[in-house]
A.B. asks: 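Handing you a structure now.
Along the sequence shown, the residues carry numbers beginning at 1.
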Amino acid sequence: MNALGRHILVEFYDCSPELMNDVIHIENSMVAAAETAGATVINSTFHHFSPYGVSGVVVIQESHLAIHTWPEYGYAAVDLFTCGDSVDPWVSYSYLKEAFQSGHGSSMELRRGQLSLLKRNDFNLESLRDASAKTIESDGSITRDVWFTERDENIALSLKHTGNQLYKKDSDYQRVEVYETLAYGNMLTLDGMVMCTQKDEYVYHEMITHVPMLSNRSAKRALVIGGGDGGTVRELLRHEQLEEVTLVEIDELVIEACKLHLPETAVAFDNPRLNLLIEDGIKYIKECANEHYDLIIVDSADPVGPGEGLFTAAFYQEVYRCLTKDGVMITQSESPRFNSAVFVEIYDTYKKIFGQDKVYCYLAAIPTYPTGTWSFSYSAKGDAKPLQFDAEAAAAFSKKEGLKYYNEAVHTAAFALPNFVKELLNTKPEHVTDEYSAEPTSK
Ligand code: SAM
């Protein structure tokens, strides 16, 4: 070789957009492409970005292979860089062209480090040897870092996972996926957004249920709209006084994915007191009888896709109609820190329907949700007040049920709001600014 390295710049066109967004397939293909060409793989790091796109690098003893994909164009930019002549990078090129089902590719090989242009420095190489340099894993195992990233406009959450995609199906409404993360266990995502993880789901599910149930001990009938992971009904069914719990979930694949891979969350789907309906919650509430439910929990995802309609005044008006005189509506109300505009707007809507002094906000710390600060709303049709509850009964309930987050002190503390949240709750949608918001408040 008259050069230190061979660098092939590759453009893969007309690739399957599916594959260009599949971090698992891309990581496996890049590692296999290196090994097929005879390279010794040292480690790999791959990121799957939401809403789409993958970046990654495979470090080999003979240098590296790198990639960035644009699924929306069916395009991948790939770098194949090898040194020495034991590895033929063109073998990797052919392997990847097939693996990415690329319609056509163009490439250019550069010889890097032309020896004729280099002057070898004759100094004592031993002094360069880094005694602490990591030796290649003797058992041939390589460190493979594969990351899932939920990226919003200004903030992102990245979670390392094992690279095993436990579940991936497209329903009529959304993409349903389960990843095996290292920090939070199995994680359910819908359209690339984190819904719940095995290691922090209890925060959300205990706070969205026990706050209303412990402050409204006479509730007999409860309705959950959304909540296909099963965590909310699991917690509701701990309350023996509930005679009927109805769950209206639009997407049965969410239930299937959770029964398979988040079984502790999906544990109550066979409970005889549960009335499970696979249906659009917006249609269900329109057809529901007046004053039928004591508690209605809107356990929706974000205001996008099938869940968008669950954030409208028309929907909340129907919820109000279906609540008994002393009924309560609970919603997951996004984060005051994440997008203040959405937060302010939905509280403004609740107040218009339930009344200015009938709407309360409470907070909880959920590590895998954007900003980690999440909120819930408590809207009373009658005179129910969230802080009028029997603290002793709440303490006993938390102990008896072995709850991990909720207790009588947390119940009270959750309503102790920081000043910026109080300020947002008194802000009109037309006056909201970016002051407290991670995401831009103007469209
Ligand atoms: N805790 C999660 C969060 O805050 O992002 C939400 C969990 S739960 C998985 C949300 C569920 O709402 C999903 O299973 C989704 O399919 C369901 N959903 C969305 N739109 C719906 C609708 N119109 N009717 C009923 N369920 C709906």
A.B. asks: If the threshold is 4.0 Å, N to carboxylate O, is there a salt bridge linking Arg234 and Glu264?
C.D. replies: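 No salt bridge links Arg234 with Glu264.
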A.B. asks: Taking ring pair (Phe, Tyr, Trp, His ring centres under 6.0 Å) as the test, write out the residues that go with His7, two or more places apart.
C.D. replies: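 Phe81.
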A.B. asks: Applying the ring-ring contact (aromatic ring centres under 6.0 Å, His included) test to His161, which of Trp147, Tyr179, Phe148 qualifies?
C.D. replies: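 Single ring-ring contact (aromatic ring centres under 6.0 Å, His included) partner of His161 among Trp147, Tyr179, Phe148: Tyr179.
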A.B. asks: Enter the distance from Leu277:CG to Lys283:NZ here, rounded to the nearest 0.5 Å.
C.D. replies: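 Interatomic distance, Leu277 CG to Lys283 NZ, rounded to 0.5 Å: 10.0 Å.
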A.B. asks: Kindly write out the residues that satisfy salt bridge (charged side-chain N to carboxylate O under 4.0 Å, His left out) with Lys404, not counting sequence neighbours, or none if the list is empty.
C.D. replies: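 So Lys404 forms no salt bridge (charged side-chain N to carboxylate O under 4.0 Å, His left out) with any residue.
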A.B. asks: Are the side chain of Glu439 and the backbone N or O of Glu153 linked by a donor-acceptor pair below 3.5 Å?
C.D. replies: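 Looks like yes, one N/O pair under 3.5 Å.
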A.B. asks: How long is the span from the CE atom in Met20 to the CD atom in Gln101, to the nearest 0.5 Å?
C.D. replies: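 The distance works out to 8.5 Å.
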A.B. asks: Listing request: all side-chain hydrogen bond (donor to acceptor under 3.5 Å, both in side chains) pairs with a residue in residues 11-24, at least two apart in sequence or in separate chains.
C.D. replies: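 Checked against side-chain hydrogen bond (donor to acceptor under 3.5 Å, both in side chains) - neighbours excluded - the pairs reaching residues 11-24 are Glu11-Tyr13, Glu11-Tyr75, Asp14-His104, Glu18-Arg175, Asn21-His48.
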A.B. asks: If we count only N and O atoms by modelled type, under 3.5 Å, do the side chains of Asp229 and Thr265 hold a donor and an acceptor together?
C.D. replies: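 Per modelled atom types, Asp229 and Thr265 side chains form no pair under 3.5 Å.
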A.B. asks: Is there a donor-acceptor contact under 3.5 Å linking the side chains of Gln174 and Asp251?
C.D. replies: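 Short answer, yes.
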A.B. asks: Does a side-chain N-to-carboxylate-O contact under 4.0 Å join Glu401 and Arg238?
C.D. replies: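 Salt bridge flag = yes for Arg238 with Glu401.
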A.B. asks: Applying ring-ring contact (aromatic ring centres under 6.0 Å, His included) as the test, list every pair that has at least one member in residues 328-350; sequence neighbours left out.
C.D. replies: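 Counting only pairs at least two positions apart or across chains, the ring-ring contact (aromatic ring centres under 6.0 Å, His included) contacts touching residues 328-350 are Tyr316-Tyr350, Phe343-Tyr347, Tyr347-Tyr350.
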A.B. asks: Does the side chain of Met30 come within less than 4.5 Å of Leu96's, by heavy atoms?
C.D. replies: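 Touching, per the 4.5 Å side-chain cut-off.
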A.B. asks: For residues Thr82 and Ser63, determine if any side-chain heavy atom of one lies less than 4.5 Å from a side-chain heavy atom of the other.
C.D. replies: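 No. Closest side-chain heavy atoms not under 4.5 Å.
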A.B. asks: Which residues pass the salt bridge (charged side-chain N to carboxylate O under 4.0 Å, His left out) test with Glu98, not counting sequence neighbours?
C.D. replies: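 Listed in chain order: nothing, the list is empty.
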A.B. asks: Which residues pass the salt bridge (charged side-chain N to carboxylate O under 4.0 Å, His left out) test with Lys400, sequence neighbours left out?
C.D. replies: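 For Lys400 there are no salt bridge (charged side-chain N to carboxylate O under 4.0 Å, His left out) partners, ignoring immediate neighbours.
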A.B. asks: Quick one, Val245 and Asn275 - any side-chain contact, counting heavy atoms below 4.5 Å?
C.D. replies: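 No, their side chains stay 4.5 Å or more apart.
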A.B. asks: Describe, in one word, how the ring planes of Tyr284 and Tyr293 are oriented to each other, choosing from parallel (under 30°), tilted (30 to 60°) and perpendicular (over 60°).
C.D. replies: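 Tilted.
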A.B. asks: Val176 and side-chain contact (heavy atoms from CB on, under 4.5 Å): which single residue from Thr189, Leu188, Ile255, Asp191 fits?
C.D. replies: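 Passing option: Leu188.
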A.B. asks: Knowing that exactly one of Tyr369, Tyr360, Tyr362 qualifies, which makes a ring-ring contact (aromatic ring centres under 6.0 Å, His included) with Phe376?
C.D. replies: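 Running ring-ring contact (aromatic ring centres under 6.0 Å, His included) over Tyr369, Tyr360, Tyr362 with Phe376 returns exactly one hit, Tyr362.
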A.B. asks: If only side-chain N and O atoms count, and only distance matters, is there a donor-acceptor pair under 3.5 Å linking Thr371 with Ser335?
C.D. replies: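 Note: Ser335 and Thr371 side chains meet the donor-acceptor criterion.
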A.B. asks: What residues, two or more places apart in sequence or in another chain, satisfy salt bridge (charged side-chain N to carboxylate O under 4.0 Å, His left out) together with Glu334?
C.D. replies: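 Residues passing salt bridge (charged side-chain N to carboxylate O under 4.0 Å, His left out) with Glu334: none at all.
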A.B. asks: So do Ser375 and Ser333 actually touch side chain to side chain, heavy atoms under 4.5 Å?
C.D. replies: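 When only atoms from C-beta onward are counted, Ser375 and Ser333 do touch, with a gap below 4.5 Å.
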A.B. asks: When the side chains of residues 302-315 are checked against the rest of the protein, which donor-acceptor pairs come out under 3.5 Å, sequence neighbours left out?
C.D. replies:
residue: Thr312; atom: OG1; partner: Gly309; partner atom: O; Å: 3.0
residue: Thr312; atom: OG1; partner: Phe315; partner atom: N; Å: 3.2

A.B. asks: When you compare the side chain of Leu295 with that of Leu223, does any pair of heavy atoms fall below 4.5 Å?
C.D. replies: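 Not touching, per the 4.5 Å side-chain cut-off.
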A.B. asks: Going by heavy atoms in the side chains, are Ile8 and Met108 under 4.5 Å from each other?
C.D. replies: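 No, their side chains stay 4.5 Å or more apart.
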A.B. asks: Using the ring pair (Phe, Tyr, Trp, His ring centres under 6.0 Å) criterion, which residues pair with Phe269? Sequence neighbours excluded.
C.D. replies: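 Expected list: none.
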A.B. asks: Would you say the side chain of Asn186 lies within less than 4.5 Å of the side chain of Leu166, judging by non-hydrogen atoms?
C.D. replies: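 Side chain of Leu166 against side chain of Asn186, heavy atoms only: contact under 4.5 Å found.
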A.B. asks: Before accepting this row, confirm whether a basic side-chain N of the pair Arg6/Glu62 lies closer than 4.0 Å to the acidic partner's carboxylate O.
C.D. replies: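 Answer for the salt bridge query: no.
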A.B. asks: Run the ring pair (Phe, Tyr, Trp, His ring centres under 6.0 Å) test against Tyr93 and tell me which residues pass, sequence neighbours left out.
C.D. replies: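 For Tyr93, the residues satisfying ring pair (Phe, Tyr, Trp, His ring centres under 6.0 Å) (neighbours in sequence not counted) are Phe12, Trp90.
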A.B. asks: Report the residues that fulfil ring pair (Phe, Tyr, Trp, His ring centres under 6.0 Å) with His210, sequence neighbours left out, ordered by chain and then residue number.
C.D. replies: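 Testing His210 for ring pair (Phe, Tyr, Trp, His ring centres under 6.0 Å), a comparison that skips the adjacent residues, returns His239, Phe397, Tyr406.
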A.B. asks: What residues, two or more places apart in sequence or in another chain, satisfy side chain to side chain donor-acceptor pair (under 3.5 Å) together with His261?
C.D. replies: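 Testing His261 for side chain to side chain donor-acceptor pair (under 3.5 Å), a comparison that skips the adjacent residues, returns none.
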A.B. asks: Around atom OH of Tyr73, are there more than 12 heavy atoms from other residues, nucleotides or ligands closer than 6.0 Å?
C.D. replies: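 Open: at most 12 neighbouring heavy atoms sit under 6.0 Å from OH of Tyr73.
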A.B. asks: Does either side chain, that of Asp434 or that of Ser437, offer a donor lying less than 3.5 Å from an acceptor on the other one?
C.D. replies: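 On atom types as modelled, these side chains do not qualify, holding no pair under 3.5 Å.
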